[in-house]
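Heavy-atom basis, side chains included; hydrogens, waters and symmetry copies ignored. Bear in mind the structure is a predicted one, so any value in this text is a computation, not a measurement.
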Amino acid sequence: MSEPAAPAAGDKGPRLQDRVLGGMRWGRLQEPLGFIKVLEWLFAIFAFGACGSFSGETGVTVKCGGETKEMSAISVQFGYPFRLYQVPFDMPDCEGESETRTLHLIGDFSAPAEFFVTLGVFSFLYAMAALVLYLRFHSLYGENKKLPFADFCVTVCFAFFWLVAAAAWGKGLTDVKAATRPASLIAAMAVCQGQEVVCNAGTTPAMGLANISVLFGFINFLLWAGNCWFVLKETSWQAQAAPHDSAAEQGAIDKQ
């Protein structure tokens, strides 16, 4: 009899992939613990993506005195990580013919912005790892009592950090808006203090994407805070409380 042919080398990859994907319990995504992890993973992307990819533009117009003077339009680009003091722009000198001075925006709001984005990236990675563990190795939750407890502690920490990060970035964004509005540029430009110089607001920054990032931050806080209850139900604390409650109910029935 002829022996069966050996599998080709190229078949190992797909078969290994099939074994990994075949062990995934996709039906657990319909359960609260699985579904909320998907939302955590998704909204973490929205949060750090909206903040990290933000860029805005502000500007003013300067009209020096005299009929021969032309109007100068100043446009300033800024964005993440919002180290505004490193953003330069040229201020025209109305006393000279073509000389300009280089000024910078005022403020450094990189700390709350970078903390917000970093937390979003770590939340994305942890939610993805926890989701894979829940779908592929769910039996470990019943066999290893320390794993659900560790998941609960990490979930509580992420919920707290999201509250802090969203509040801090909300305050930082308010300061960014104040520092980048055209009126702030006009107040910082010495040339605009001249009697014959007319300075007007130019481009007003569109902060819609940044506002959405703050909203996503608070949504992430609500998701992680709500997930604490579902993870708590997987820990030994909830398992120990259940028999105690059942015994109390049985005692009440016997008394009747």
Side-chain angles (χ1 to χ4, degrees), residues 20-21 24-26 28-29 31-56 78-84 86 107-138 140-141 144-176 207-238:
V20 174
L21 295 179
M24 302 288 283
R25 304 286 185 87
W26 300 109
R28 298 192 187 278
L29 293 177
E31 300 177 1
L33 188 59
F35 181 70
I36 199 170
K37 289 186 185 304
V38 174
L39 293 180
E40 290 171 348
W41 176 78
L42 190 62
F43 277 92
I45 298 176
F46 292 159
F48 74 77
C51 181
S53 63
F54 174 82
S55 62
F78 65 96
Y80 179 84
F82 303 100
R83 294 188 179 93
L84 301 184
Q86 295 180 351
D108 181 8
F109 311 100
S110 60
E114 290 179 338
F115 176 61
F116 186 87
V117 171
T118 302
L119 180 62
V121 173
F122 278 104
S123 298
F124 160 76
L125 295 175
Y126 181 80
M128 182 171 57
L131 187 61
V132 171
L133 181 64
Y134 182 72
L135 297 180
R136 183 65 177 83
F137 307 101
H138 183 74
L140 293 178
Y141 272 83
N144 190 345
K145 301 299 183 182
K146 295 182 180 179
L147 194 59
F149 177 75
D151 188 20
F152 173 74
C153 293
V154 174
T155 302
V156 171
C157 291
F158 270 113
F160 172 74
F161 286 142
W162 270 117
L163 178 61
V164 174
W169 172 228
K171 175 60 170 62
L173 180 58
T174 301
D175 296 337
V176 169
M207 308 297 289
L209 187 60
N211 294 330
I212 292 176
S213 69
V214 177
L215 177 62
F216 283 144
F218 284 106
I219 292 177
N220 275 282
F221 161 69
L222 295 177
L223 288 174
W224 287 90
N227 193 25
C228 291
W229 166 248
F230 298 109
V231 179
L232 179 63
K233 294 174 64 176
E234 301 290 335
T235 62
S236 57
W237 293 343
Q238 190 71 14

Mind checking whether [X] and [Y] have side chains closer than 4.5 Å, heavy atoms only?
{"X": "S53", "Y": "L209", "result": "yes"}
{"X": "F109", "Y": "L173", "result": "no"}
{"X": "W224", "Y": "L163", "result": "no"}
{"X": "L147", "Y": "L133", "result": "yes"}
{"X": "S110", "Y": "F82", "result": "no"}

Self-check item: Whether F116 and W162 hold their rings parallel, tilted or perpendicular, with breakpoints at 30° and 60°
Solution: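 Answer is perpendicular, since the angle exceeds 60°.
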Could you tell me how the ring of F115 sits relative to the ring of F161: parallel (under 30°), tilted (30 to 60°) or perpendicular (over 60°)?
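Geometry flag for F161 against F115: perpendicular rings.
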- Query: With no hydrogens and no angle check, is any side-chain donor or acceptor of N211 less than 3.5 Å from a backbone partner on S213?
  - Reply: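 No.
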Would a distance-only check, ignoring hydrogens and angles, find a side-chain to backbone donor-acceptor pair under 3.5 Å from N220 to F43?
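Yes; judged by distance alone, with no hydrogens or angles, the pair exists.
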Over all heavy atoms of both residues, which pair between [X] and [Y] is shortest? Give the atoms and the distance, please.
{"X": "A167", "Y": "F218", "answer": "N-CZ, 4.0 Å"}
{"X": "C228", "Y": "T155", "answer": "SG-CG2, 3.8 Å"}
{"X": "P112", "Y": "A168", "answer": "CB-O, 3.7 Å"}
{"X": "P81", "Y": "A113", "answer": "O-CB, 4.3 Å"}
{"X": "L119", "Y": "A165", "answer": "CD2-CB, 3.7 Å"}

Could you grab the distance from atom [atom1] of [X] to atom [atom2] of [Y], nearest 0.5 Å is fine?
{"X": "L131", "Y": "W41", "atom1": "CG", "atom2": "CH2", "result": "9.0 Å"}
{"X": "M128", "Y": "L42", "atom1": "CE", "atom2": "CG", "result": "13.0 Å"}
{"X": "I45", "Y": "S123", "atom1": "CD1", "atom2": "OG", "result": "11.0 Å"}

- Query: Is K37 paired with D151 through a side-chain N to carboxylate O contact shorter than 4.0 Å?
  - Reply: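 Counted as a salt bridge, because a side-chain N and a carboxylate O are separated by less than 4.0 Å.
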Assess the side chains of E40 and N227: does a donor N or O sit below 3.5 Å from an acceptor N or O?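 Note: E40 and N227 side chains meet the donor-acceptor criterion.
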Taking atom OH of Y80 as the centre, does the number of heavy atoms from other residues, nucleotides or ligands within less than 6.0 Å exceed 12?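 Yes, the 6.0 Å shell around OH holds more than 12 heavy atoms from other groups.
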As a test of understanding, state which of F221, F46, W169, F48 forms a ring pair (Phe, Tyr, Trp, His ring centres under 6.0 Å) with F216.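 In the set F221, F46, W169, F48, the residue that makes a ring pair (Phe, Tyr, Trp, His ring centres under 6.0 Å) with F216 is F46.
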